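The structure under discussion appears below in the form of structure tokens.
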Amino acid sequence: MNRLDATDRFARRHIGPSPDDRDRMLAAVGAASLDTLMDEAIPASIGVKRPLNLPPAESEYAYLRRLSSIARRNKTFRSYIGLGYHDTITPAVILRMVMENPGWYTPYTPYQAEIAQGRLESLLNFQTMVAELTGMDVANASLLDEATAAAEAMTLLHRARSGARRASPGTEAERSLFLVSDRCLPQTIDVLRTRAEPLDIELHVGPMEAMTFEPRVFGVLLQYPDQYGTVIDLEPFIASAHRAGVLVAIGADLLALALLKPPGEMGADVVFGNSQRFGVPLGYGGPHAAFFATRQAYVRQMPGRIIGVSVDVHGRKAYRMALATREQHIRREKATSNICTAQALLANMAAMYGVYHGPDGLKSIADRVHGLTRVLEREIAANGVTQTNPSYFDTLCLEVPSGLEAVRRAALEAGINFRYIDDRTVGISLNETVTRADVQDIVNVFAKAFGKSSHTIDWEAAESRIPNPEPRRASAFMTHPVFNTHRSETQMMRYIRSLERKDIGLDTSMIPLGSCTMKLNAATEMLPVTWEHFSRIHPFAPIDQAQGYAQVIAELEQALAEITGFATVSLQPNSGAQGEFAGLMVIRAYHRDRSDSHRDIVLIPASAHGTNPASAAMAGMRVVVVATAANGNVDVADLRRKAAEHRDHLSALMITYPSTHGVFEDDIQEICAIVHEHGGQVYMDGANMNAQVGLTSPAAIGADVCHLNLHKTFAIPHGGGGPGMGPIGVAAHLAAYLPGHPLTKTGGDRAIHAVSAAPWGSASILLISYAYVRLLGAEGMTDATRYAILNANYIKARLQQH
Ligand SMILES: Cc1ncc(COP(=O)(O)O)c(C=O)c1O
């Protein structure tokens, strides 16, 4: 390093052991140098000899300066696009004390209840708030996004109906048809397509009015308010569905439910949606906490985690994860969902937003948003535009017979995004950030587009467009004291701190519980996530307004491709398990394209993480378990036997490398070759990628696909149980099948349908991994791998003495 270059290197702060520590650790391990230890640990045949071709490490200061100029390439237009994502006001006390606070963002999943009482209480608040707003019996502690929550709703209803059939055989027809209203969100419908097909669930998408409940129908999915903003009373429809033995799931808007009759009171069986507009920034798609609520009867079928309250022998209350037997590592291929994480940090933010505003505050916000929308309708109608929603909460659907070009132009000039539904229809969704001045600006856009002079708005309250009496909300919600106590900022600050103090995160201690906790989540990596130019971008904003994101995404994709040795990467999956599902669906599409659709067997070693078989089951594959030897390695003879036995049907092998026992198996290339020889593809679970970066790679071992848990190797904090990201890398022959998206071009030419609601999943936290890559550079990342291996071997050596 030149004396005149920046002297403070990120690697020095990221990688714990000093040179002295390193030498003492090497001595304890009995290795002469780091390089000899690497040579001993990693089989020579898979070692990558050339350094990673990545830009050199930047100093933290230089990185933030460069990133702030990239950030300015994103345009923070006012967004009225809607479609499940709305601008929101994050109360500063929540921004500073939860979202930007390592006490909340670094803890691990609350497997150990005694060090997690604070966030368990907050997650219980989330569940209570969701259950009461939706009018359901129980809610879970969050899911990954609204579209995947819809898919979980579909499979829950399917199981519930199949259960009824099994209970009284002969009485029910095979039910495998799922009806989806074409007024559901487009990204939801696309993810449903991905998830329905491998399970042999037939999807009919069409108007609700045309739905008929033939015997094959097991369930229906509706949206409330729908994607165009219309609100109707769903009760008669739900009643007629139930009469036909058909169950109903409803995607709902949590804020609207402060004013609208909750779906639970209309008879819904599942209610799900996105809690983003409860104070969680848009972040170009996430992370946000999806919610999921159902009736008591289906609680055992519910995906994800549920927080419950226990009372100990002394009568003291404590929180814990309930129904944990449904966690995936236990159910394996019998699991009903592969979700093994949540969006805890964001669920906690939404819960705190509920605590901060309380039921009255939420009603006032919802009332105000509705009132402004009502005024806007009246003022725009003055321009001869027709508003087609008979009733609505916050969204207008406007028909402009003369076409939308002039509106679009005037809106862009004013820094405003609407939803352009087709050439003549425009959607406008208002939100809590909207002021009178914003409404005036929208009115001015229309005036300008129609060549009229702008007029001053008549603010006289307009009559409500929420139908009365149905489906207007009459019931109380959030009556618990926690939602009715903490009104001053000081109380709020103390409440948040009181919960934080009960928990252990990386800010207090090391948590040797899981691979998600093994990384520093550096402040420089985290800061940009809440910069306005990244946090206030709507996921469906025009691409030319998100050029900053486009640059970060492209550079991160390239870096991950280089690190994995693969041709390309999809950043869409929202967790490692979603990456597994996406990767298997890509493999499935590849086989189908080669007229090999009968290839549906996946070999999975007995030692694999439970999400592997669960994802395989979701991808419509049959799991064949491969034995593991006593040391945790794959039993190669058994693998060979099973690959040969199933050669005509072999789809893939799923293998974790290094294995879940932490060993680099010498036979890995032979294992991959056996699978290829028999027509299969190799899926590498990249959860342990922190032992590979810079030294070997999924491509070098012979894999075709892998996922990368960015919340493990690439520094995204675990947030107390999510957020995470699980991008997949693929070899060139699979690139064409990477997931697409209905609203933005992503993926390959023969893309499978979407696997997440947003085109690039939880895009805003990609910034953390991007920072990790740029701050460490090739050398620093490779050193991080070397030290991870040294640390593990050192601990082993020291423990062996006991
Ligand atoms: C080996 C392995 N595979 C897959 C996963 C699933 O990843 P995620 O929790 O991101 O869904 C994990 C998570 O801990 C894991 O350890």
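This chain uses plain numbering: 1 for the first residue, then up along the sequence. Please read all numbers here as calculations on a predicted model, not as lab measurements. We count ligands from 1, going down the list as the structure has it; atoms in each ligand are counted the same way.
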Minimum side-chain heavy-atom gap Leu556-Trp760 below 4.5 Å: no
Nearest-0.5 Å distance that lies between atom OG1 in Thr508 and atom CG in Asp503: 8.5 Å
Heavy-atom nearest option to atom 13 (C) of ligand 1, drawn from His707, Lys712, Met654: Lys712
Proximal atoms of ligand 1 relative to Asn709 (non-hydrogen, under 4.0 Å): 5 (C), 6 (C), 7 (O), 8 (P), 10 (O)
Backbone of Ala344 reached by a side-chain donor or acceptor of Arg119 within 3.5 Å: no
Ser575 contact mode with ligand 1 (heavy-atom cut-off under 4.0 Å): both
Close approach of Gly726 to ligand 1, heavy atoms, under 4.0 angstrom: no
Interfacing atoms of ligand 1 (cut-off 4.0 Å, heavy-atom, Ala687): 1 (C), 2 (C), 3 (N), 15 (C), 16 (O)
Heavy atom of Glu580, distance to ligand 1 below 4.0 Å: yes
Atoms in ligand 1 with a heavy atom of Gly576 nearer than 4.0 Å: 7 (O), 8 (P), 10 (O), 11 (O)
Thr109 (side chain) donor-acceptor with Tyr111 (main chain) under 3.5 angstrom: no
Tyr657 (side chain) donor-acceptor with Glu665 (main chain) under 3.5 angstrom: yes
Heavy-atom donor-acceptor pair, Thr713 side chain to Asn690 backbone, under 3.5 Å: yes
Ligand 1 N/O within reach of Thr660 N/O, cut-off under 3.5 Å: no
Whether Asn574 side chain and Met725 backbone form a donor-acceptor pair below 3.5 Å: no
Side chains of Glu580 and Asn338, donor plus acceptor under 3.5 Å: no
Nitrogen or oxygen atoms of Gln578 and ligand 1 under 3.5 Å apart: no
His711-ligand 1 polar pair, N/O distance under 3.5 Å: yes
Atoms in ligand 1 with a heavy atom of Ala577 nearer than 4.0 Å: 6 (C), 7 (O), 8 (P), 11 (O)
Cys340-ligand 1 polar pair, N/O distance under 3.5 Å: no
